[in-house]
Amino acid sequence: MTTKVVTRFAPSPTGFLHIGGARTALFNWLYAKANGGTFLLRIEDTDRARSSKEAVEAILEGLEWLGLDWDGEPIYQHTRAERHREVAGELLDKGLAYRCYCSPEELAAMRERARAEGRPPIYDGTWRDRGVGEAPEGVAPAIRLKAARDGETIIDDEVQGRVVFQNNVLDDLILLRSDGSPTYMLSVVVDDHDMGITHVVRGDDHLTNAARQSQLFEAMGWQRPIFAHVPLIHGPDGAKLSKRHGSLGVESYRAMGYLPAALRNYLVRLGWSHGDDEIFTTEQIIAWFDFAGIGRSPARFDFKKLENLNGHYIRENSDQSLIAQIKRGLGEFESDAGLPQSLTDGQWLQLEAAMPGLKERARTLVELMESAGYLWAKRPLTLDGKAAKLLDEAGRNVLAGVLPRLEAVNPWVSDELEAAVRGFAEDEALKLGKVAQPLRAALTGTTTSPGIFDVLEVLGREESLARVADQVARETA
RNA sequence: GCCCCCUUCGUCUAGUGGUUAGGACGCCAGAUUUUCAUUCUGGAAACAGGAGUUCGAUUCUCCUAGGGGGUGCCA
């Protein structure tokens with residue numbers, strides 16, 4: 001009985017797509033892909049007050065950017081409220097649910113009492129077996145599931161293993177609020193069933209819910225999906241990931257210059273492993289992903305490792321692909337250096353020409369753009385401290401000496417430029433570095449950059465000579 | 001309080017009764033080098049603690065400690 005795999009990602013649109021959600025989505029996507037199944041997207045917006053259109057858009061955009069494409073149209077849970085009420089009604093008719101007239105105050109007192117007596121703080125079933133006749137005047141009831149009080153509910157979880165809950169610690173959960181609106185607990189179960197979800201992959205903060213939902217599935221006589229509760233991602237301090245550390249929206253990672261492929265690789269490796277493998281192509285992840293490889297302990301988010309991985313992916317990417325990704329993100333990149341918001345066609349071409357030297361040195365797209373700053377720096381260049389120090393009188397003398405040699409270079413290409421500069425260094429009995437560093441300072445205003453001959457070539461004859469001349473002229477000024 | 005889950009280098013992890021406990025990031029040292037990176041070589045670095053079971057436990061069981069999650073008419 002091999003049924004087709006159907007997974008879903010079901011975020012509630014109360015904020016951006018945070019990194020934990022992204023990983024959950026990734027796992028669902030991977031499992032579906034790995035099994036030739038379907039990956040659905042359901043927006044859990046039953047809490048209308050806390051849901052927003054902006055959040056929905058942020059989530060959709062985040063998934064798209066990460067390359068996690070879903071099948072069909074997203075399903076908005078609030079549009080299915082009628083169906084949810086219908087199921088609650090059915091349960092009521094079958095005697096598997098009942099009306100509860102307790103006030104919030106009574107409920108709070110009930111929990112308080114249980115806690116004080118060391119009992120599980122759950123609803124005590126006050127209205128479980130009372131007739132409608134006893135209902136107080138003018139109080140709208142909530143509808144509760146009549147859950148089993150004895151025995152146990154067992155979840156055979158794909159990652160957590162066999163987890164047993166005693167039914168007496170589980171509530172008679174609320175299906176319909178007193179205003180008639182369906183609760184999350186009812187909605188997920190009905191939707192997962194109606195959508196034909198075969199595998200529910202989500203954070204392990206839902207593990208207890210799985211037991212409750214399991215009872216609901218049972219009450220309706222529906223087959224339960226297979227559960228896989230993956231551990232949450234924690235911050236560097238071991239506590240739950242919050243905005244303080246890494247729990248930013250995925251758009252923040254884009255703004256920091258991370259590549260979707262790198263983030264995917266990092267995220268899948270966080271809590272999941274395939275032997276000693278660290279770097280995977282998307283095809284490999286899909287082929288190798290399984291629940292067995294997911295660990296049961298929470299993992300901490302490590303920016304250092306993400307950066308390293310991202311650097312790897314930047315080096316692996318083609319110049320064209322990097323240009324395309326920079327074009328997409330340029331306006332959103334966050335940098336203290338103040339990156340340009342846009343580039344001219346000519347600058348894009350220069351950037352592409354400089355890309356081989358640039359991508360070797362960057363761990364993020366932002367770093368890459370920061371180090372490309374010399375390309376569009378305006379003459380006369382402002383020198384940073386180290387560069388200024390390098391261009392003391394001695395340094396400027398070297399520049400004055402090498403300038404005529406550069407002027408004589410033709411064609412203006414890296415190899416020819418290197419020959420000219422090396423020739424000058426030899427003639428003057430200088431180590432190459434003694435010439436290259438002042439040149440670098442004059443051409444880029446800094447002491448670090450891609451190979452100096454590449455810099456010269458990319459900058460072009462006119463601009464290069466002018467920048468060097470600027471510094472030489474400073475001597476006499 | 002009650003329920004559930006977790007615990008191998010700083011971090012992510014491999015390991016499934018017998019290993020010099022492996023890899024990756026980070027860190028340190030060295031090599032290459034026109035700077036910075038890249039690349040390469042080497043190094044330091046871990047089985048939370050205590051009882052069992054066993055000829056033998058990182059691997060199995062129990063307890064303790066620590067961490068996490070849940071405990072809503074939120075999702």
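Side chains are part of it too, since the values below use all heavy atoms of this structure and drop only hydrogens, waters and symmetry mates. Order of the sequence lines sets the chain letters (A, B, ...), proteins ahead of strands, with each chain counted from 1.
Atom name P, nucleotides C55(B) and A65(B): the rounded distance is 32 Å, in whole Å. Nucleotides G43(B) and A57(B) are separated by 30 Å at their P atoms, to the nearest Å. Between U8(B) and C60(B), the two P atoms lie 13 Å apart (nearest whole Å). For C63(B) and A24(B), the C1' atoms lie 35 Å apart once the distance is rounded to whole Å. Between the C1' atoms of U32(B) and G23(B), the separation comes to 25 Å (whole Å). G70(B) and A14(B) have their P atoms separated by 25 Å, with the value rounded to a whole Å. U64(B) and A45(B) have their P atoms separated by 34 Å, with the value rounded to a whole Å. Taking atom P on both C5(B) and U61(B), the two are 12 Å apart, rounded to the nearest angstrom.
Residue Val164(A) is in sugar-phosphate contact alone, with no base atom involved, counting any heavy-atom pair closer than 4.0 Å across all strands shown. Looking at heavy-atom distances under 4.0 Å, Pro450(A) makes contact with a base.
Of the listed nucleotides (A37(B), G23(B), U35(B)), A37(B) has the atom at the smallest distance from the side chain of Glu360(A). Distances from the side chain of Arg115(A) to the nucleotides G1(B), G70(B), C25(B) place G1(B) closest. Checking U13(B), U34(B), A37(B) against the side-chain heavy atoms of Arg361(A) singles out A37(B) as nearest. In this structure, the nucleotide among G1(B), A24(B), A37(B) sitting nearest to the side chain of Glu278(A) is A24(B). Taking the side chain of Asp276(A) as heavy atoms from C-beta on, and the options U7(B), A14(B), U35(B), the nearest nucleotide is A14(B). If you check U7(B), U35(B), C25(B) against the side chain of Ser297(A), the one that comes closest is U7(B). Which of U35(B), U11(B), C2(B) sits closest to the side chain of Asp302(A) comes down to U11(B).
Checked for salt-bridge contact, Asp427(A) and Arg405(A) meet the test: a charged N lies under 4.0 Å from a carboxylate O. One finds a salt bridge joining Asp172(A) and Arg128(A) here, because a Lys/Arg side-chain nitrogen approaches an Asp/Glu carboxylate oxygen to under 4.0 Å. A salt bridge links Asp192(A) with Arg42(A); the closest basic N to acidic carboxylate O contact falls under 4.0 Å. With respect to Lys304(A) and Glu307(A), no salt bridge is recorded, no charged nitrogen being found less than 4.0 Å from a carboxylate O. Between Lys305(A) and Glu278(A) there is a salt bridge, with a side-chain nitrogen of the basic residue lying less than 4.0 Å from a carboxylate oxygen of the acidic one. Lys53(A) has a carboxylate O that lies under 4.0 Å from a charged side-chain N of Glu57(A), or vice versa, which qualifies the two as a salt bridge. Ion pair Glu117(A)/Arg113(A) not flagged as a salt bridge, since none of the NZ, NE, NH1 or NH2 atoms sits closer than 4.0 Å to an Asp/Glu carboxylate oxygen. A salt bridge is absent between Lys389(A) and Asp392(A); no separation between the charged side-chain nitrogens and carboxylate oxygens falls under 4.0 Å. A salt bridge does not link Asp45(A) with Arg50(A): every distance from a Lys NZ or Arg NE/NH1/NH2 to an Asp or Glu carboxylate oxygen is 4.0 Å or more.
Remark: nothing in residues 288-295 of chain A comes within less than 4.0 Å of RNA chain B through any heavy atom. Near RNA chain B, defined here as any heavy-atom distance below 4.0 Å, the residues from residues 262-270 of chain A are Arg269(A), Leu270(A), listed numerically.
Under the Watson-Crick or G-U wobble criterion, with both distances below 3.5 Å, G1(B) is paired with U71(B). U20(B) is unpaired under the criterion used here, namely a Watson-Crick or G-U wobble arrangement in which both key atom distances are under 3.5 Å. Using the Watson-Crick or G-U wobble rule with both distances under 3.5 Å, G10(B) pairs with C25(B). Across all strands shown, U38(B) remains unpaired; no Watson-Crick or G-U wobble contact has both distances below 3.5 Å. Base-pair partner of C60(B): G52(B) (Watson-Crick or G-U wobble, both distances under 3.5 Å).
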What's touching nucleotides 73-75 of chain B from the protein side, N or O pairs under 3.5 Å?
residue : atom : partner   : partner atom : Å
C73(B)  : O2   : Ser178(A) : N            : 2.9
C73(B)  : O2   : Ser178(A) : OG           : 3.0
C73(B)  : N3   : Ser178(A) : OG           : 3.1
C73(B)  : N4   : Cys102(A) : O            : 2.9
C74(B)  : OP2  : Arg177(A) : NE           : 2.0
C74(B)  : OP2  : Arg177(A) : NH2          : 3.0
C74(B)  : O3'  : Arg177(A) : NH2          : 3.2
C74(B)  : O2'  : Asp47(A)  : OD2          : 2.9
C74(B)  : O2'  : Arg50(A)  : NH2          : 3.0
C74(B)  : O2   : Arg50(A)  : NH2          : 3.2
A75(B)  : OP1  : Thr46(A)  : OG1          : 3.1
A75(B)  : OP1  : Arg177(A) : NH2          : 2.4
A75(B)  : OP2  : Arg177(A) : NH2          : 3.3
A75(B)  : OP2  : Tyr184(A) : N            : 3.0
A75(B)  : O3'  : Glu44(A)  : O            : 3.4
A75(B)  : O2'  : Ser12(A)  : OG           : 2.9
A75(B)  : N6   : Asn209(A) : OD1          : 3.4
A75(B)  : N6   : Asn209(A) : ND2          : 3.0
A75(B)  : N1   : Asn209(A) : ND2          : 3.3

Which protein N or O atoms sit under 3.5 Å from an N or O of nucleotides 42-50 of chain B?
none

What nitrogen or oxygen pairs link the protein and nucleotides 28-32 of chain B at under 3.5 Å?
none

Inset, instruction - Please assess Ser214(A) against Glu218(A) for the test side chain to side chain donor-acceptor pair (under 3.5 Å), listing each intermediate value before the final yes or no. - result: CA-CA 6 Å; Ser214(A) 191; Glu218(A) 215 163 286; 4.8 Å; no
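For the pair Thr208(A) and C4(B), the criterion of a side-chain N or O lying under 4.0 Å from OP1 or OP2 is not met.
The distance between the ring centers of Phe27(A) and Phe289(A) falls below 6.0 angstrom.
Distance CG (Asp171(A)) to C1' (G72(B)): 9 Å, rounded to an integer number of Å. Regarding Arg296(A), its CZ atom lies at a distance of 18 Å from the P atom of C4(B), rounded to whole Å.
Residue Asp171(A) is tested with Arg111(A), Lys146(A), Arg212(A) for a salt bridge (Lys or Arg N to Asp or Glu O under 4.0 Å); the sole match is Arg212(A). Partner of Ile279(A) under the side chain to side chain contact (heavy atoms under 4.5 Å, CB included) criterion, chosen from Gln284(A), Glu316(A), His312(A): His312(A).
Taking the six-membered ring where the residue is Trp, Phe301(A) and Tyr266(A) present perpendicular rings, their angle passing 60° and hence far from 30°. Note: Trp288(A) and Phe280(A) have perpendicular aromatic rings, judged against thresholds of 30 and 60 degrees for the angle between ring planes.
Between the side chain of Arg212(A) and the base of U71(B) there is no donor-acceptor pair of N/O atoms closer than 3.5 Å. Within 3.5 Å, a donor on the side chain of Arg440(A) pairs with an acceptor on the base of U34(B), or the reverse.
For Arg48(A), the CZ atom sits in a packed shell: over 12 heavy atoms of surrounding residues, nucleotides or ligands are nearer than 6.0 Å. Heavy atoms from other residues, nucleotides or ligands lying under 6.0 Å from CZ of Arg177(A) number more than 12.
The salt bridge (Lys or Arg N to Asp or Glu O under 4.0 Å) search around Arg130(A) returns Glu134(A), not counting sequence neighbours.
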